[in-house]
Structures are given as C-alpha cells and as structure tokens.
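These notes are about the structure you will find just below.
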2 protein chains.
Amino acid sequence: MSHTLGIRQAQKQKTRQALLDAALALLEEQSLSSLGLREVTRAVGVAPTAFYRHFRSTADLGVALVDEALGSLHPMVRTTVSSAGDTDERIARAIELIAGHVDAYPAHVRFIARERSGGVQPVREAIRSQLVRFAEEVKTELAKDPEAEGWSDDDLLMLAHLFVDQMLITASLFLEARESSAGPEERQRVARLAALQLRLISIGRRHWLD
Amino acid sequence: MSHTLGIRQAQKQKTRQALLDAALALLEEQSLSSLGLREVTRAVGVAPTAFYRHFRSTADLGVALVDEALGSLHPMVRTTVSSAGDTDERIARAIELIAGHVDAYPAHVRFIARERSGGVQPVREAIRSQLVRFAEEVKTELAKDPEAEGWSDDDLLMLAHLFVDQMLITASLFLEARESSAGPEERQRVARLAALQLRLISIGRRHWLD
DNA sequence: TCATCCAGTTAACAACTGTTCTCCGGAATT
DNA sequence: AATTCCGGAGAACAGTTGTTAACTGGATGA
C-alpha cells in the first residue's frame with residue numbers, strides 16, 4: 001500500500017470516521033442499544049440517510065467500534081506480558097501501561113467495558129472473540145517464560161484468561177477514578193490495589209506445581 | 001411484621017412487582033438505557049401513566065431491580081466464603097453455589113452483569129455500592145480464618161475484591177454457557193476453569209507472607 | 001354511612017424514531 | 001468529452017416515545 005485512494009473514497013472514510021467518533025462520544029452517557037441513528041448523524045451534521053452508506057444499523061457501527069478499540073491493541077498486550085525484569089517491576093510497568101491507555105482512550109475503554117455484556121448481541125460476540133484472541137496471545141507469551149516449565153496448555157490458558165480479565169477490571173477502575181473527580185489519589189489507590197492483586201496471582205503462579 | 005396490609009396496598013405492590021418482572025424480562029435483549037416506560041406498562045397490561053405511581057423513571061426502576069437482585073444475596077455470600085472443609089472442597093462448593101444461583105435467577109444475573117458498567121449512572125452506583133458491601137463482608141469472613149494471621153486490612157480487602165470480581169466473572173460465564181446452546185459440557189468447562197482460577201488464587205493466598 | 005383518598009384510566013401533546021423513495025452534483029471511468 | 005457511478009440531501013411515512021391533565025371507582029377511615 002498505497003496508491004493514495006481517490007478523493008471520493010477519502011471523503012467517504014472521513015465521514016465514516018466522523019460517525020464513529022460522534023457515536024463514541026454519545027456513548028459516554030448511554031449504551032449502544034439506546035443509540036439512535038439520527039442522533040449520530042445529527043451530531044456529525046449529515047442527513048440521517050447518509051448513515052446507511054456506511055453502516056447497516058447502529059449494531060453494525062458498534063462492531064466497527066470494537067475493531068477500532070481493540071484491534072490495534074494486540075501488540076501492546078503481547079509486549080506487556082513478555083517484558084523483562086523483576087516480577088514487581090513487570091507488574092508496575094503493566095499497570096502504568098494500562099493507566100496510560102485509559103488516559104489516552106477513555107471513551108474506547110468505557111465502550112468495551114460497557115458493551116462486553118451489553119444489550120447488543122453481535123457487539124458482545126465481537127468483543128468476546130477479541131478477548132479470546134488476547135488470551136491466546138497472552139498464553140503463547142506465558143509459554144515462553146521459563147516459569148511455564150511443566151504447565152499444561154489448559155493451565156496456561158486459565159492463567160491467561162485471569163490476566164486478561166484482571167486487565168479489564170483494572171482499566172475499568174482507572175476509568176471510574178478519572179471521572180469520580182476524587183483527584184489523583186484515587187488513581188494511586190487503584191494502582192496499588194491492582195499491583196497487590198497481580199502480585200498475589202504471580203505468587204500463585206510460582207507455586208502452582210508444588 | 002405484619003398486619004396483612006390492606007387489599008389496596010396489596011394490589012399496589014402486586015402491580016409494582018409485575019412492572020419489575022416485566023422490565024427484567026424485557027432487559028434480556030436490551031439494556032436499561034433503552035428500556036421504555038411504555039414498553040414496560042404494555043407488557044404488564046396497564047396504562048402508561050400508572051408507571052408513575054411506582055417509579056419516577058426507568059432509572060428509578062433499575063435501582064429497585066438492583067436491590068431485588070443483590071439485596072437478598074448477602075447471607076449466601078457470607079456462608080460461601082466461611083464454609084468448612086478442604087480447600088478444593090470449598091472451591092467446588094462455591095462454584096456449585098454460583099452455578100445454582102445462575103440457574104435459579106438468570107435474568108437477575110444478566111441484569112447485574114449488564115448494568116454494572118451500563119449507561120445509567122444511578123444504577124451503576126447502586127450496583128457498585130452493593131459490591132463494595134459484599135467485599136467488606138467477605139473481608140470480615142476471611143479475617144476469621146486462621147490463614148489470615150499477619151495479614152493487613154488492605155491485603156484482606158484486596159483479596160476480598162478479587163474473590164467478588166471472580167464470582168461475578170464466573171456467574172457471567174455460566175450465563176453465557178446456558179444460552180449458547182452448547183449443551184451441558186460447556187457448563188462443565190466453565191466450572192473447571194473457575195475451579196483452576198480459584199485454586200491459583202488460593203495458592204497465592206497461602207504463600208502471601210513468604 | 002358518608003367523605004376522603006389514591007391506584008389506575010383516558011385523551012391528547014409535541015417530539016422523536018427507523019426506513020423508503022427520489023433526486024442532485026461532483027468524482028470516476030471510458 | 002460523454003457517460004456512469006455514488007455519497008449525500010430532501011421529503012415524507014407510520015409508529016413510537018415521555019409527560020401533562022382531568023377523571024373514575026373502589027377501598028379506607030371518620
């Protein structure tokens with residue numbers, strides 16, 4: 001790629017992105033199943049019918065948002081798990097990375113947390129399959145670690161899911177801390193809690209084969 | 001209690017409960033922020049305006065649903081954590097208890113999982129505060145265990161939150177297993193996964209003070 | 001027994017929704 | 001240069017929404 005796609009397709013992708021952005025903003029105070037098509041087009045400043053040029057329905061738009069929010073996250077997850085250093089250092093680094101991501105893309109994080117068990121089935125499935133992918137990637141990274149000696153595949157996948165779920169919970173807590181206007185000390189509280197929990201999981205991992 | 005409240009208040013509570021039940025049923029395929037007041041009254045077979053005799057809004061009804069779904073759950077959680085026996089036995093018993101609750105009240109479980117980070121703030125807060133209460137109760141139960149010797153309050157609360165979150169995740173997985181029509185072997189898969197994860201957490205707990 | 005209360009009804013309101021069909025004008029293709 | 005393509009606009013549709021006001025009739029309490 002790429003031969004500078006014509007000004008026609010460029011404009012199309014531009015309004016498409018505008019629709020996605022507007023929807024994401026509107027979803028800060030409601031869930032996808034109550035998001036109206038007209039609501040979105042109104043926010044962008046285009047005719048309601050223009051929506052159909054890009055998405056079949058708001059559920060369809062939701063699936064696109066899942067890809068936008070999680071699709072580009074895989075390399076980050078991989079490197080997080082496989083980073084070097086002492087256990088506590090790795091934990092601290094992982095938590096800072098999560099916190100940074102929440103600060104950089106708060107709307108994306110809220111969307112995923114909200115729609116993970118939201119009222120729109122296709123979106124739920126899209127999120128679920130992405131999280132399964134995450135878990136599998138984490139598993140292959142965990143398998144490279146010398147600590148994985150003697151672990152069965154099932155056990156590795158179990159641990160991977162534990163990490164992925166914990167990551168999501170922590171991200172969700174960071175998000176709440178941001179908007180609770182309780183100052184940065186709340187953020188520190190969340191970081192400490194997450195560190196303790198990851199530490200306990202790591203200890204359990206270390207003694208798994210005893 | 002109770003002096004058999006008059007047939008007037010009895011009828012009122014009856015329709016109120018009908019509204020709650022109908023709403024819970026409608027919420028199986030959507031989220032609270034898209035639930036319409038007329039939709040609920042139509043399902044019950046009552047005039048839309050009758051809704052206002054019981055709830056200020058659908059958000060208000062949501063808060064009432066949180067109490068119904070979680071309010072009566074506290075004794076169960078307490079006894080689950082403090083049950084006797086070998087570690088693996090306790091884990092198996094806890095998981096069976098969760099699975100049984102999901103089978104008995106699937107709509108309640110789905111509602112809580114969905115609205116925990118849903119689009120309606122008062123409902124989110126109601127759920128959050130109930131879960132905090134759960135965590136505190138679990139903490140006081142954990143404190144009674146001889147294994148809690150030397151644990152700080154912060155560490156105990158951290159572990160309690162880990163258990164509560166894990167409980168919710170497991171319940172959510174059981175719910176998915178129910179409706180994925182993948183047969184009872186999917187349920188067994190979830191039970192095994194949850195058992196392994198609780199086992200790892202228990203091991204981490206045992207070696208926490210090393 | 002009679003006056004009061006109050007859960008539920010009826011009617012009407014302006015505003016909103018998703019979806020269809022027809023059209024326009026500039027980009028893309030030949 | 002002539003033709004096709006296509007993202008977006010405009011208008012109209014039947015149906016829905018939350019909320020108001022005034023009313024009805026049976027239970028309640030004096």
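To find a chain, count down the sequence lines: A is the first, B the second, and so on, and within it residues start at 1. Just so you know, these numbers come straight off a predicted model, no measurement behind them.
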Tabulated below should be each protein N or O lying under 3.5 Å from an N or O of nucleotides 15-17 of chain D; please produce it.
from, atom 1, to, atom 2, distance (Å)
dT17(D), OP1, Arg42(B), NH2, 3.1
dT17(D), OP2, Arg42(B), NH2, 2.6

- Say you draw a straight line from NE2 of His101(B) to CD1 of Ile98(B); how long is it, rounded to the nearest 0.5 Å? 10.0 Å

- Task: Hey, could you give me the CD/CD1 distance between Gln197(B) and Ile201(A), rounded to the nearest 0.5 Å?
- Result: 8.5 Å

Rounded to whole Å, how long is the line connecting atom [atom1] of [X] with atom [atom2] of [N]?
X        : N       : atom1 : atom2 : value
Tyr52(A) : dT22(C) : OH    : C1'   : 16 Å
Phe51(A) : dT17(C) : CZ    : P     : 13 Å
Asp60(B) : dT19(D) : CG    : C1'   : 16 Å

Salt bridge (charged side-chain N to carboxylate O under 4.0 Å, His left out) pairs, two or more places apart, involving [range]:
range                     : answer
residues 67-82 of chain B : Arg78(B)-Glu141(B)
residues 42-61 of chain A : none
residues 20-39 of chain B : Glu28(B)-Arg110(B)

Using distance only, find each side-chain donor-acceptor pair of residues 87-94 of chain A under 3.5 Å and give its atom names and separation, not counting sequence neighbours.
from, atom 1, to, atom 2, distance (Å)
Glu89(A), OE1, Asp86(A), N, 3.3
Arg90(A), NH1, Ser83(A), O, 3.3
Arg93(A), NH1, Ser83(A), OG, 3.1
Arg93(A), NH1, Ala84(A), O, 3.1
Arg93(A), NH2, Ala84(A), O, 3.1

- Taking side chain to side chain contact (heavy atoms under 4.5 Å, CB included) as the test, write out the residues that go with Thr49(A), two or more places apart. Ala47(A)

- Of the residues in residues 11-22 of chain B, which ones touch DNA chain D at a heavy-atom distance under 4.0 Å? none

Side chains of residues 155-165 of chain A: which donor-acceptor partners sit under 3.5 Å, not counting sequence neighbours?
from, atom 1, to, atom 2, distance (Å)
Asp155(A), OD1, Ser152(A), OG, 3.4
Asp155(A), OD2, Trp208(A), NE1, 2.9
His161(A), ND1, Leu157(A), O, 3.3
Asp165(A), OD1, Arg116(A), NH2, 3.0

- Report yes or no: is there a donor-acceptor pair, N or O only, under 3.5 Å between the side chain of Thr49(B) and the base of dT10(C)? yes

- Taking a pair as Watson-Crick (N1 to N3 plus N6-O4 or O6-N4) or G-U wobble (N1-O2 and O6-N3), both under 3.5 Å, which stems of 3 or more consecutive pairs involve DNA chain C? C:4-12 with D:19-27, C:14-17 with D:14-17, C:19-30 with D:1-12

- Query: Hey, is the main chain of Ser31(A) close enough, under 3.5 Å, to the side chain of Ser33(B) for a donor-acceptor pair?
  - Reply: yes

- Query: Is a salt bridge present between Glu185(B) and Arg189(B), judged by a nitrogen-to-oxygen distance below 4.0 Å?
  - Reply: no

Per-pair distances, 0.1 Å, donor-acceptor, side chain in residues 119-129 of chain A, under 3.5 Å, sequence neighbours excluded:
from, atom 1, to, atom 2, distance (Å)
Arg124(A), NH1, Gly118(A), O, 2.8
Ser129(A), OG, Ala126(A), O, 3.2

- Could you write nucleotides 24-30 of chain D as a row of B, S and -, 5' to 3', where a protein heavy atom under 4.0 Å of any base atom gives B, of only sugar-phosphate atoms gives S, and otherwise -? --BBS--

- Is there any ring-ring contact (aromatic ring centres under 6.0 Å, His included) pair reaching into residues 123-144 of chain A, and which pairs are they, with sequence neighbours excluded? His74(A)-Phe134(A)

- Side-chain contact test, heavy atoms from C-beta onward, threshold under 4.5 Å: evaluate it for Arg178(B) versus Val109(B) and give yes or no. no

- Message: Can you work out whether Arg53(A) or Ser57(B) has the more 5'-proximal nearest nucleotide on DNA chain D?
- Response: Arg53(A)

